[in-house]
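Bear in mind the structure is a predicted one, so any value in this text is a computation, not a measurement. The residues of the chain are indexed from 1 along the displayed sequence.
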Amino acid sequence: MKIKSGLIVVVLTLLMVQISCTTETPTDLTKTSFIPQPVSVIATGNSFVVKSSTVIYVEDGLQEYGQYLAAELNKISGLTIEVNSTDKVTGKGILLSLSDKDPELGEEGYQLTIDKKHISITAKNMAGCFNGIQTLLQTLPINASTDEQLIIATGVIRDFPEYAYRGAMLDVARHFFGVEDVKRYIDFLAAYKMNVLHLHLSDDQGWRIEIKSWPNLTTYGGSKQVGGGEGGFYTQEQYKDIVKYAMDRNITIIPEIDMPGHTNAALASYAELNCDGKATELYTGTEVGFSTFCTDKEITYKFIDDVVRELAELTPGPYIHIGGDESHVTAIEDYIPFINRVQEIVVSHGKKVIGWDEIANADLVENATVQFWADIKNTALGIEQDAKVIMSPAARAYFDMQYDSTSVFGLHWAGYIEVDHGYSWDPATLVPEITKENILGIEAPLWSETVSKMDDIEYLVFPRLPGYAEIGWTAPALRTWDEYKLRLANHGKRFEAMDIDYYRSTLVPWQE
Ligand code: IFG
């Protein structure tokens with residue numbers, strides 16, 4: 001009897017080892033739930049084990065990204081992986097290098113090759129290297145217990161994006177969000193290969209960026225927010241800190257000064273900007289379309305020139321966004337020359353113009369870009385003037401639209417956007433008048449009338465953000481809702497590991 005029971009124990013133990021090995025040692029790279037879906041993923045059936053002894057080798061110029069990767073791997077695992085500033089790979093490790101010998105990868109593509117002893121990320125540019133790092137990180141759990149081995153299935157991923165502009169917007173004017181919140185929002189974008197953060201820095205309820213030549217804009221115009229609470233603003237040093245944090249994660253900051261409408265905070269700060277020479281009251285409601293700069297006073301253009309000059313000096317990215325939306329109390333015959341002059345001011349400070357689709361009623365300067373949010377006729381006018389289009393259709397891409405009538409935050413003037421409705425559309429075919437060659441990319445705006453803290457933002461932004469990132473990155477032929485939702489379901493635990501208070505849509509089979 002004794003021998004028999006001993007035999008049973010041995011068999012059971014072997015079985016347990018076998019089960020634990022097969023469940024924990026990933027060997028099929030195609031089973032990883034990547035978002036955005038890469039162009040191609042080939043599995044080669046083995047595993048690479050990440051250990052403290054794993055070295056990150058970097059080609060000259062990629063040290064920062066090497067440090068970023070090491071920090072992310074160490075954060076996940078508690079390991080102490082080091083960066084060796086050489087591309088001479090002398091042992092088991094990860095190599096980051098640049099090469100222009102693979103033109104198919106383009107400006108932001110990469111090849112990620114994983115075998116038993118070596119991982120390599122090769123790209124034409126820093127952007128591609130960063131995107132390859134994000135894909136590599138998605139092969140790993142977002143946090144592993146220290147004794148859990150980090151094992152990556154081997155294979156080859158070749159990948160590059162559909163659109164060059166893949167962004168999100170954060171409205172910090174209706175409600176103000178501090179530097180740490182903006183950095184967390186940037187982390188969300190970086191994890192999903194988005195490369196633009198559009199900051200809506202001014203509106204009726206608040207002016208949020210320090211302008212040294214017009215200090216009242218922030219000291220007074222930035223003092224409140226929707227609901228009447230204390231507002232806030234970024235000093236120029238804080239704005240530069242945000243810009244650098246974004247740049248280190250391959251994200252370009254696009255600052256927006258909305259005008260001639262959505263300007264009450266400035267009009268309350270400086271009486272001379274008003275046609276009647278009287279400063280308005282600060283406004284803490286959520287109405288739109290009631291304010292306008294005085295378009296026929298020269299001081300208005302001196303003001304705008306000072307603002308754009310200071311903002312351009314603080315912004316390394318190529319764009320300044322001039323807003324232009326909902327100028328309901330600016331006569332069209334005043335609006336057009338105003339927008340024409342403001343465009344010239346932006347160009348004179350070395351930047352390119354972006355504006356909401358209404359600006360297409362003016363005479364667009366070369367390289368102006370029109371952000372389609374609601375009006376197809378406006379956008380078609382922009383295309384007639386050879387402008388490129390950023391697709392931000394409110395009915396599909398506005399984060400502040402409720403998921404359904406039970407959503408605790410958000411609005412629904414453009415309709416409800418459940419997770420599948422926010423995902424199941426193709427920018428190149430959504431509007432017949434707007435075709436692929438007109439489109440620079442996609443941007444999902446978050447307007448903050450109904451959200452005042454990061455937890456609220458997270459409820460509206462997740463789980464829809466990964467879907468917008470995939471629309472911007474992955475070709476329509478490679479993505480369908482029924483397949484995507486299974487990958488998204490596997491990202492729920494990543495959201496939880498990042499303490500993201502996401503909306504648990506019942507349309508997604510979340511994996512525990
Ligand atoms: N439209 C306004 C925003 C904001 C939004 C809320 C644009 C371009 C409605 N303009 O969207 O200021 O109020 O969903």
Side-chain angles (χ1 to χ4, degrees), residues 32-38 134 138 142 161-163 166-171 184-185 187-194 373 391-430 441-451 454-512:
T32 307
S33 294
F34 293 113
I35 300 178
Q37 179 78 290
Q134 295 311 320
Q138 287 192 0
I142 200 148
E162 189 76 358
Y163 294 104
R166 304 177 308 282
M169 187 201 84
L170 182 58
D171 168 10
R184 182 164 165 82
Y185 199 74
D187 289 341
F188 299 157
L189 273 57
Y192 291 98
K193 302 191 182 76
M194 283 182 151
W373 66 286
M391 291 295 281
S392 298
R396 293 284 188 161
Y398 269 28
F399 277 131
D400 63 310
M401 288 306 112
Q402 291 169 298
Y403 293 96
D404 62 26
S405 59
T406 67
S407 297
V408 290
F409 301 108
L411 305 168
H412 58 267
W413 64 268
Y416 295 116
I417 304 181
E418 244 294 0
V419 185
D420 59 339
H421 191 61
Y423 177 83
S424 304
W425 60 284
D426 174 1
T429 58
L430 183 75
I442 171 177
E443 181 186 297
L446 172 65
W447 298 102
S448 63
E449 281 94 336
T450 64
V451 290
M454 183 42 79
D455 283 356
D456 311 349
I457 286 181
E458 292 167 7
Y459 173 87
L460 288 175
V461 168
F462 284 91
R464 290 180 291 196
L465 180 141
Y468 296 126
E470 179 149 307
I471 291 171
W473 182 281
T474 305
L478 291 179
R479 59 183 190 84
T480 62
W481 166 254
D482 286 338
E483 184 277 326
Y484 166 74
K485 71 181 178 187
L486 303 177
R487 284 184 280 127
L488 181 60
N490 279 323
H491 279 241
K493 45 186 178 295
R494 303 181 79 86
F495 304 157
E496 280 153 26
M498 289 172 73
D499 283 332
I500 293 172
D501 287 355
Y502 67 103
Y503 164 67
R504 282 163 179 70
S505 169
T506 55
L507 301 180
V508 180
W510 300 108
Q511 295 301 308
E512 294 319 316

What's the verdict on side chain to side chain contact (heavy atoms under 4.5 Å, CB included) for I500 and F188, showing C-alpha distance, side-chain angles and the deciding distance? CA-CA 10 Å; I500 293 172; F188 299 157; 3.6 Å; yes
P476 versus E162: any side-chain heavy-atom pair under 4.5 Å? yes
d(M194 CE, Q134 CD) to nearest 0.5 Å is 13.0 Å
How close do P466 and I35 get, counting heavy atoms only, and between which atoms? O-CG2, 3.6 Å
Under the side-chain contact (heavy atoms from CB on, under 4.5 Å) test, which residues partner L446, sequence neighbours left out? L170, Y185, F399, D400, I457, L460, V461
Partners of Y163 by ring-ring contact (aromatic ring centres under 6.0 Å, His included), sequence neighbours excluded? none
Euclidean distance, M498 CE relative to E458 CD, rounded to 0.5 Å: 8.5 Å
Partners of W510 by ring-ring contact (aromatic ring centres under 6.0 Å, His included), sequence neighbours excluded? Y502
Please round to the nearest 0.5 Å and tell me the distance separating atom CH2 of W447 and atom CE of M169. 4.0 Å
Side-chain heavy-atom pair L507, W481 within 4.5 angstrom cut-off: yes
Quick one, L189 with L465, criterion side chain to side chain contact (heavy atoms under 4.5 Å, CB included). Give me CA distance, side-chain angles, the key distance, then yes/no. CA-CA 8 Å; L189 273 57; L465 180 141; 3.9 Å; yes
Quick one: ring-ring contact (aromatic ring centres under 6.0 Å, His included) partners of Y503, sequence neighbours excluded? Y403, Y459
D420 vs Y484, side chain to side chain contact (heavy atoms under 4.5 Å, CB included): CA-CA, chis, key distance, verdict: CA-CA 10 Å; D420 59 339; Y484 166 74; over 6 Å; no
Suppose we screen for side-chain contact (heavy atoms from CB on, under 4.5 Å). Which residues come up paired with P161, at least two apart in sequence or across chains? E108, R166, W473
Trace of the side chain to side chain contact (heavy atoms under 4.5 Å, CB included) decision for R396 with I471: CA-CA 11 Å; R396 293 284 188 161; I471 291 171; over 6 Å; no
For P509 and Q511, work out which heavy atoms get closest and say how close. O-NE2, 3.1 Å
Using a strict 4.0 Å threshold on nitrogen-to-oxygen distance, state whether E483 and R479 make a salt bridge. no
4.5 Å side-chain heavy-atom contact, F34 and P36: no
To the nearest 0.5 Å, what is the distance between CE (M401) and CD (E418)? 14.5 Å
Set of ring-ring contact (aromatic ring centres under 6.0 Å, His included) partners for Y192, sequence neighbours left out: H491
For Q138 and T32, does a side-chain donor sit closer than 3.5 Å to a side-chain acceptor? no
Between the side chains of D482 and T480, does any donor sit under 3.5 Å from an acceptor? no
